[in-house]
Each structure stands twice: as C-alpha cells, then as structure tokens.
Number of protein chains: 2
Amino acid sequence: MSALTPDMVILGLLHHKPQHGYDLLACFHDPEQLGRVWKLSTSQIYNVLKRLEQHTYIIGRAIESDTSPARIEYHITALGESQLMAWLNHPYPSASVRKIRVEFISRLHIARLLGHPITPIIEAQRRACEDELSRLQTEREHALFGTYSLVTDLVIGQLGAIMAWLPLCEIEEKS
Amino acid sequence: MSALTPDMVILGLLHHKPQHGYDLLACFHDPEQLGRVWKLSTSQIYNVLKRLEQHTYIIGRAIESDTSPARIEYHITALGESQLMAWLNHPYPSASVRKIRVEFISRLHIARLLGHPITPIIEAQRRACEDELSRLQTEREHALFGTYSLVTDLVIGQLGAIMAWLPLCEIEEKS
DNA sequence: TATCCCTATTCCATCATAGAATAGGTTTAT
DNA sequence: ATAAACCTATTCTATGATGGAATAGGGATA
C-alpha cells in the first residue's frame with residue numbers, strides 16, 4: 001500500500017504538454033484544476049520531478065532565456081508513457097475512500113485532459129467499490145457494537161455515497 | 001490545520017489507566033479497539049509518549065521486575081487532564097471526512113472508556129457537518145462542471161452519509 | 001529610485017515513518 | 001536437555017516527507 005503521491009498526475013500533465021516545475025505548481029494551486037485535490041508545497045513538486053527523472057520516466061532540459069530565469073522543461077519518455085497508461089487504466093483500483101477522493105479524481109482529470117475515454121475508469125472504480133461494499137456488509141454481521149462496527153458502518157455509508165456519486169463523473173463538460 | 005496524530009487518544013488511554021508503551025501498542029493493534037481507526041508503528045507510540053512527557057501532560061516512572069523486562073509506566077498529570085478534556089469537548093470539531101473517520105471516532109472511543117457523556121460530542125460534530133454541508137451547497141451553485149464541482153459533489157455526498165450515520169453513534173453497547 | 005512582486009528553483013532543518021536491533025525471559029518441539 | 005521460536009519491552013537508524021526560507025534577476029509600482 002503505497003502512500004499518496006502525485007507522481008503519476010505530474011507524469012500525466014507532462015504528457016499533455018512539456019512543462020517546468022513552476023507551471024505544474026500553478027496547476028496544483030489553481031482550485032479550478034487540481035487545487036482542491038492535492039495540497040502540495042513547492043519542494044514536493046520538484047522532488048517528484050527529480051524522482052521521475054531518476055526513473056527515466058521524464059527528461060529535463062535547461063531552457064535559457066533573456067526575459068525569464070533559467071528553468072528546466074521536462075518531457076515524458078516512452079517508458080514514462082507506458083507507466084502513465086498503466087496507472088490510468090488500472091483494472092482494479094483501490095476502494096479506499098481517501099484514494100478515491102484523491103487518486104481516482106486525479107485519474108479522471110488527467111484522462112479528460114488527454115482525451116482518453118473515462119467510462120472504463122469509472123466502471124473499474126464502481127466494481128472495486130461494489131466488491132468492497134459487499135465484503136464490508138458481510139463483515140458487518142459479525143460485530144454488532146463498539147468502535148469496530150462503528151467504523152464499518154461509517155465506511156459502508158461512505159462507499160454508498162461514492163456509488164451514488166460515480167455516475168456524475170460521466171457528465172461531460174459543457175464548453 | 002494540525003496533522004492527524006494520536007497524542008490525545010494516548011492521553012485518554014493513560015487517563016483511563018496508567019500504562020506503558022507496549023500496552024498501548026496492543027490497544028492500537030486490536031481491531032476491536034483502535035486497530036481499525038489508527039495504523040501506528042512501534043516507534044510512533046513511543047515518540048508520542050516522549051512528546052507528551054516533554055509537554056508534562058504525562059509522567060513516566062521506571063518499573064523494575066524480575067519476570068518481565070524493564071518498562072516505563074506513564075500516568076497523566078493535571079495539565080494533561082485539562083488538555084484531554086478540552087479535546088474531548090471541543091465545541092466546534094473539524095468537518096473533514098478524514099478527521100471524522102479518525103479523530104471523531106477516537107473521541108467517542110475515549111469518552112465511552114472514561115464514562116463521559118457522548119451526546120454533546122455527537123451533537124457538536126453534527127452541527128459542524130451541517131454548517132459545512134450548507135457552505136458546500138452554496139459553493140456548488142457557482143461551479144457547474146469540471147474537477148472543482150466533482151470534488152464538491154463528492155464531499156457533499158460524503159457529509160450526507162456522515163449525517164445519516166451519526167445517530168448510530170448514540171447506540172449503547174450491549175454487554 | 002527604493003520597494004515590492006513575479007518567475008523559478010534550490011536548500012535546509014525538522015519531523016514522520018517503518019522496520020531493524022537489542023535483550024532477557026518463556027514456551028515449544030525434538 | 002537444549003535449540004528454536006516467540007513474547008515482552010524499548011531504542012535506534014536510515015530514509016524520506018514537509019514547509020518554508022534563501023536565492024536571484026527582472027519588471028512593475030509608488
């Protein structure tokens with residue numbers, strides 16, 4: 001269970017368009033884009049870029065300019081692209097409430113940006129939630145009180161709300 | 001916005017009964033107790049104990065024994081108790097989904113353990129959620145599509161599920 | 001013409017984190 | 001009988017995350 005890092009999201013943004021750290025920062029700060037999804041500091045972005053370059057998912061090249069400070073523009077590699085696609089089309093995503101809130105929405109955001117079909121992504125998420133929900137409902141029958149069942153009830157409710165919300169993700173933007 | 005740490009929960013457990021780190025560890029690992037709420041490593045418990053002692057919320061004393069290894073038993077101080085009570089009866093708790101999942105349930109767990117009334121805690125949480133819900137619903141009207149409104153819709157759904165779940169918290173354990 | 005803000009990145013100190021190391025006692029198995 | 005494995009109990013260590021300061025030059029503002 002890896003932690004919640006924006007690596008693949010940044011990879012997706014770089015696939016859409018080669019950019020440097022400051023551009024990405026703006027995207028992650030803008031509430032209309034990913035500002036409501038991630039709360040990232042400056043150094044986090046640059047650390048991810050460094051890591052992605054180490055894995056050779058991206059390559060950076062220095063841009064010299066008279067009008068603006070030196071900057072490094074990163075572009076995605078073929079290896080990075082295959083990693084990104086694997087992440088986008090993950091056949092069995094996590095049904096963790098937190099991951100849905102952050103990772104699933106990020107996946108949708110990137111898929112829309114790249115013009116990828118979003119229906120399979122939503123469908124995979126729906127299946128994962130459905131499975132987890134029925135697992136929890138079975139588990140629920142064995143514990144009738146206490147903190148244990150309270151947590152289970154809360155998560156069941158949360159997954160129910162997510163299942164009701166998932167169809168809204170299909171709605172296309174009107175431009 | 002402070003991070004999610006089990007400091008006050010440990011303070012509550014020590015108020016219930018003086019204990020040492022290994023005892024607390026067992027409680028945080030037992031799924032019937034706090035195992036479903038927190039995922040803590042060994043060192044985290046001991047770090048919190050160190051921090052709480054630095055703040056003089058607790059005092060540790062070494063216990064010598066022939067049959068078991070040396071250990072340090074911690075007990076709460078008057079200052080610690082006042083901090084604990086302030087946390088338990090927080091008049092306006094966070095309406096963050098994550099904090100409810102972790103902090104609110106912890107508060108309930110500790111209140112039950114100490115024989116404190118839980119109704120005011122639940123009621124305060126309900127008010128906070130209600131306020132946040134109406135704030136989000138207003139906000140919702142201004143953005144009609146995109147990632148921004150998707151996030152808002154998800155959180156609205158989650159808070160709705162929480163409001164429906166809160167009454168279940170009142171139900172007493174049958175022993 | 002001094003001050004502030006914007007672009008753009010690096011640096012730094014602190015804190016969190018998981019798990020290994022330690023160490024003595026007890027149970028289990030051969 | 002004795003090695004192996006496990007339980008109690010805590011500390012240590014290495015890695016990495018984290019937020020914010022530092023840097024630095026250019027342009028805008030007063």
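Below, chains carry the letters A, B, ... as their sequence lines are ordered, and counting in each starts from 1. Keep in mind that the numbers below use all heavy atoms, side chains included, and drop hydrogens, waters and symmetry copies.
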Give a yes or no answer on whether the side chain of A:Q158 reaches the backbone of B:Q158 with a donor-acceptor pair at less than 3.5 Å. yes
For B:G60, does its backbone N or O pair with a side-chain atom of B:E53 as donor and acceptor, under 3.5 Å? yes
Do the side chain of B:W165 and the main chain of A:L150 share a donor and acceptor less than 3.5 angstrom apart? yes
A:H29 NE2 to C:dT7 C1': how many Å, rounded? 13 Å
A:R51 side chain, from C-beta outward: closest of D:dT18, D:dA9, D:dA17: D:dA17
Interface with DNA chain C, restricted to residues 53-61 of chain A and to heavy atoms under 4.0 Å: none
Rounded interatomic separation in angstrom, taking NZ from B:K39 and P from C:dG19: 13 Å
Using a strict threshold of under 4.0 Å (side-chain N to carboxylate O), is an ion pair present between B:R127 and B:E130? no
Rounded distance in Å - CG (A:L25) to P (D:dG20): 13 Å
Any donor-acceptor pair under 3.5 Å linking the side chain of A:Q19 with the backbone of A:K17? yes
Side-chain heavy-atom pair A:I122, A:F104 within 4.5 angstrom cut-off: yes
Given the side-chain rings of A:Y57 and A:H55, with only the six-membered ring counted for Trp, is the space between their centroids under 6.0 Å? yes
Looking only at the side chain of A:Y22 (C-beta and beyond, no hydrogens), which of the listed nucleotides D:dC7, C:dT9, D:dT18 gets closest? C:dT9
Do any of residues 6-20 of chain A sit with a heavy atom less than 4.0 Å from DNA chain D, and if so which? none
Is a salt bridge present between B:E123 and B:R126, judged by a nitrogen-to-oxygen distance below 4.0 Å? yes
Roughly, in whole Å, what's the span from CG in A:L49 to C1' in C:dC11? 16 Å
Main-chain N/O of B:W87 paired to B:R107 side chain as donor or acceptor, under 3.5 Å: yes
For the side chain of A:D23, counting heavy atoms from C-beta on, which of D:dA9, C:dA8, C:dT17 is nearest? C:dA8
Find the distance B:E73:CD to D:dT10:P and express it as a whole number of Å. 10 Å
May I have the distance from A:W38 (atom CH2) to D:dG19 (atom P), rounded to whole angstrom? 13 Å
Using atom CD of A:Q44 as one end and atom C1' of D:dG19 as the other, report the distance to the nearest whole Å. 9 Å
Between B:P6 and B:L40 the two heavy atoms that sit nearest each other are CG-CD1, 3.7 Å
What protein N or O atoms touch nucleotides 11-14 of chain D N or O atoms at under 3.5 angstrom, if any, and at what distances?
none

Minimal heavy-atom distance between A:C169 and A:L108, with the atoms involved, is CB-CD1, 3.6 Å
